[in-house]
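First comes the structure, then the notes that go with it.
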Amino acid sequence: MWPIVGVAACLAAAPNPAEAQAAYEHLRIVAPAAPGGGWDQTARVMQQALQQTGLVRTASVENVPGAAGTIGLARFIGAERGRGDTILVSGLIMLGGIVTHRSPVTLRDVTPIARLTGEYEVIVVPAASPFRSLDDFIRVLRARPESISWGGGSAGGSDQILAGLIAEAAGVSPARINYIAFSGGGESLSAIVGGQVSVGVNGLAELAAQIDAGTVRVLGISSAERLPGLNAPTFREQGLDVVFENWRSVVAPPGISAADRDQLTRVLDAMVQSPAWREALTRYRWLDRYVSGDGFARFSEAEEARVQGILRKLGTQGDPAGILASAGRYPLFVLVGLAVFAAGTLAANIRLAKNSVGPSKAGPYVQPVFRAEWKPIAFVAAGVTLHVALAERAGFVLASAALFWLTARAFDERHPLRDALFALAVSVGAYLLFARVLDLSLPAGILARWL
Amino acid sequence: MATFDALANGFANALSLANLGWALAGVTLGTAVGVLPGIGPALTVAVLLPVTFTLDPISAFIMFGGIYYGAMYGGSTTSILLNTPGETASVATAIDGYAMAQQGRGAAALTTAAIGSFVAGTLATLALTLFAPPLAAVALRFGPAEYFALTVVAFTTVAVLLGASVVRGLFSLFLGLALGLVGIDQLTGEARFSFGIPQLLDGIDVVILVIGLFAVGETLYQVWRHEEVQPVTLHDFTGMSRDEWRRSWKPWLRGTAIGFPLGVLPCGGSVVPTFLSYMTEKRLSDDPDRFGHGAIEGVAGPEAANNAAAAGVLVPLLTLGLPSSATAAVLLTAFQQYGLQPGPLLFSSRPDLVWTLIASLYIGNLMLLVLNLPLAGVWARVLLVPRPLLFGGILVLASLGAYSLNRSMLDLVLLYAVGAIGCGMRVYDIPLVPAVLGLVLGPMSEQQFRRAVAISEGDLTVFMTRPISAVLLMLAAAILVGPHLLRRWARPAWAGQ
């Protein structure tokens, strides 16, 4: 298997990757999610494949997690404009996040490069469930949509989108489905396997081990044809016209030159032929869905329309469970509680100040009375302000050194030189530790050339 | 018996000189990185993962074992010595650990943490060896209703953390709850209280709150007081006295008993076990007033619970393939790197690797003890660093940790704002820990409640008709009301004497 793939890679790739000159000295890959998820995995596999093939001398992965990737997207558009050596991992879930979280920026604001992979989704029930087939399930769904709880990943993500598509195909209004969003893979998986919800919607890769072991039964898979080696009927063969993939892609910042765009495309063309990438596809059960250039741009726009359509229909869920499950009550309770106890604390402190009898009254462990001094506070405040103002402009080393030095002076003004030396040493040391050893990039700023 | 044969095989694989070297390297790296504020176990393992790619699977797993336990342990050091817990798991440790360090007993606190971690880690790994599959089956019976009931139990621990004044403690709790409102509502995907700032969509990271309240708040408070503080004198660098041993061993065992089962639960987290352990120790103590002022039980229990929970996390991961914490999710990636899919079939498909991993957990644990016992005295000397340099360093590391979480300047601004609040809370004698509990438990409690009600289509009785949930809720009621009732019953008896 291995040598065959290797030979195929050498024949297929236009410039032989093994002998190719590195196209990039350094390529930054931004994963808009925390370590461990699908986008992070994609980024780290790319990092390895690009380095192993020599297409890129060094590649780094930066995680900018949050809000279905839209935080990473917004930052990518803002901070990386015009940079040809930085790419962002993106995909279907980001399209959903853009709609759900009303993101001001969309995938139309970046430069599309290529679609990389796809993953099928499945609908499963625990082995003990009364639903033996998709028909059993659809019958109950049509009769009483709210009685079916669908467990899956975050609201507006691929799982909820598929749930909406299935309901629509079955002639049930998507607004009436009782979708229970769980965070992260582990939480939704354990709810599904443990039978806490009627049915589970999730990626095939996440559920593969459970399906193999027979702890869950597949009611349907979102592929067009049955998959070899998997005993799972498709939705289509059971009369629901739903074909769906959770795809992942790569985009570049807005405003890059045509030459940069072509070079990125060439590098990815070669990367997807490399043995390291092919091997990762089988390992993670990813489908090879490589399309670059205009083909990907057209696909992305079509998907955007489809996702927006279904999410609008899912709409603001009409809270099938009534007011207690809605988002409004709890914040009110918390804010009222906060106001009450803040007032109580204030009153208690005023009373204490009036009777000011000192520590003995309120208990033995109250801090001794002391006189606050404002000069040291001013030193620290200056340090903090400088740090926030300088960190991304002048770089972390200078900003940290200023913070350290001013903080030290707040405690003791007698050793400015010693403090300055330590400030520089600690800042440089911490920077090197984070940026070089731990590979967590920090803004280098104006010292970038020397670090 | 088959279990022991398999485990013996695992040990045979793990116990070579080279592999012991990898275990030591893993433990050292894990501890060193875990010490940094904001760099929790998940990030530590993620960052160190590439180091293991070049190794063969067995050596790599041994190194994971070391990194995993090492990172869990590293967090407690700064928590005890500098009152700067880097993540939620070591907040409970900071309460009494820092008080001990202030009294010059930092080395003893570190020692009880190290031995407690070892005892808990070893016992929990043993439980993992023997009972993993049945425990995982029980864990799956926890649904949203049960998790909600569990958070109610956890909220009762606030009662022992209130400090001198109830109203101040509740203010702190509600401050945490209010901060927990910020961000996307998971069930609907709608943003709440994010004021149109995209970085707030994911809420306020609890690590920011912890580092801000403790590390930055402490620094600002020290600056504000600006008095000549007597340098800490270290009574001894050797560790625990006979009395401290006597008082530590029961908390270690109780912490393990609390931490392991809660770690097995897929949404347990590290806050619930550590604080439940802290509350248990305070409630069982003859002299609860010592808590908060350097009670060694308050360090021994939560540290044991924390490490036992870390081993518990491996139960659903290895038996069901469920990553129940961020760290477990990263470990899952590591498994996949070697073509392994953790899940119900892993024990039968690749027993060699699973048992080697389990064996390496025992070894990593032992290594951790060997490494950290002699170091306790060395670490404790950190307190002898001149205060200007110490606090300068703390602020720099805190800001680095906060920034590297999400690469967001807003996090830095939040960090300092929270630090200023933390300083104010110290000045007005408002306890800090309830705020952390509020931020962690509030969203969890709300989301699980709403999930449970949504699944039951609005029927509130689910909390009482599901047995586990009902038992937990009654337990919470007993914890809150029980001591008062006992006192009332006991009083006539005293009066009669």
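Every heavy atom of this structure was used, including side-chain atoms; hydrogens, water molecules and symmetry mates were not.
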> Given side chains that start at C-beta, do those of Phe411(A) and Leu390(B) come closer than 4.5 Å, heavy atoms only?
Replying inline: no
>> Side chains of Tyr330(A) and Gln447(B) only: does a donor on one sit below 3.5 Å from an acceptor on the other?
In response: no
> What closest approach, in Å, do Ser147(A) and Glu457(B) show between heavy atoms, and which atom pair accounts for it?
Replying inline: CA-OE2, 3.5 Å
> With side chains defined as the heavy atoms from C-beta onward, is the minimum distance between Val336(A) and Phe174(B) less than 4.5 Å?
Replying inline: no
> Measuring heavy-atom distances to chain B, does Ser400(A) have an atom under 4.5 Å in its side chain, in its backbone, in both, or in neither?
Replying inline: both
>> For the interface with chain A, which of Cys423(B), Gly442(B), Gly392(B) has the highest count of heavy-atom pairs at distances below 4.5 Å?
In response: Gly392(B)
> By a 4.5 Å heavy-atom criterion (distance strictly below it), what part of Leu181(B) contacts chain A: side chain, backbone, both, or neither?
Replying inline: side chain
>> Heavy-atom cut-off 4.5 Å, strictly under: side chain, backbone, both or neither for Phe193(B) against chain A?
In response: side chain
> Counting heavy-atom pairs under 4.5 Å to chain B, which of Gly214(A), Gly97(A), Ala342(A), Gly156(A) comes out on top?
Replying inline: Ala342(A)
> Considering only heavy atoms, which portion of Leu338(A) lies under 4.5 Å from any heavy atom of chain B: side chain, backbone, both, or neither?
Replying inline: both
> Donor-acceptor pair, Asn178(A) side chain versus Ala454(B) backbone, under 3.5 Å?
Replying inline: yes
>> Could you go through Gln196(A) and Tyr147(B), starting from their C-alpha distance and side-chain angles, then the distance that decides it, and tell me whether this counts as side chain to side chain donor-acceptor pair (under 3.5 Å)?
In response: CA-CA 12 Å; Gln196(A) 306 296 339; Tyr147(B) 283 114; over 6 Å; no
> What pair of heavy atoms forms the shortest contact from Ala181(A) to Arg451(B), and how long is it?
Replying inline: O-NE, 2.7 Å
> By a 4.5 Å heavy-atom criterion (distance strictly below it), what part of Pro316(B) contacts chain A: side chain, backbone, both, or neither?
Replying inline: neither
>> Counting C-beta onward and ignoring hydrogens, is there a side-chain heavy-atom pair between Arg418(A) and Pro388(B) closer than 4.5 Å?
In response: yes
> Should the heavy atoms of other residues, nucleotides or ligands under 6.0 Å from CZ of Phe422(A) be counted, would the total exceed 12?
Replying inline: no
> In terms of heavy-atom proximity below 4.5 Å to chain B, should Phe333(A) be classed as side chain, backbone, both, or neither?
Replying inline: both
>> If I measure from the heavy atoms of chain B, does Ser149(A) come under 4.5 Å with its side chain, its backbone, both, or neither?
In response: side chain
> Could you give the distance from OG1 (Thr407(A)) to CG (Leu389(B)), rounded to the nearest 0.5 Å?
Replying inline: 11.0 Å
> Got a donor-acceptor contact below 3.5 angstrom from the Arg141(B) side chain to the Gly194(A) backbone?
Replying inline: no
>> Which residues pass the side-chain hydrogen bond (donor to acceptor under 3.5 Å, both in side chains) test with Gln51(A), not counting sequence neighbours?
In response: none
>> Could you tell me if the side chain of Asp412(A) sits less than 4.5 Å from the side chain of Arg387(B), heavy atoms only?
In response: no
> Which region of Leu317(B), side chain (C-beta onward) or backbone (N, CA, C, O), has a non-hydrogen atom less than 4.5 Å from a non-hydrogen atom of chain A, or is it both or neither?
Replying inline: neither
>> Between Phe404(A), Phe379(A), Trp150(A), who has the most heavy-atom pairs with chain B when the cutoff is under 4.5 Å?
In response: Phe404(A)
> Are the side chains of Thr345(A) and Tyr428(B) in touch, meaning some heavy atoms are under 4.5 Å apart?
Replying inline: no
> So which part of Ser172(B) gets closer than 4.5 Å to some heavy atom of chain A, the side chain, the backbone, both or neither?
Replying inline: neither
>> I'd like to verify something: which residue of Asn349(A), Leu335(A), Val388(A) has the highest number of heavy-atom pairs under 4.5 Å with chain B?
In response: Asn349(A)
> Is any side-chain heavy atom of Leu400(B) closer than 4.5 Å to a side-chain heavy atom of Phe396(A)?
Replying inline: yes
> Looking at side-chain heavy atoms only, is the closest gap between His387(A) and Tyr403(B) below 4.5 Å?
Replying inline: no
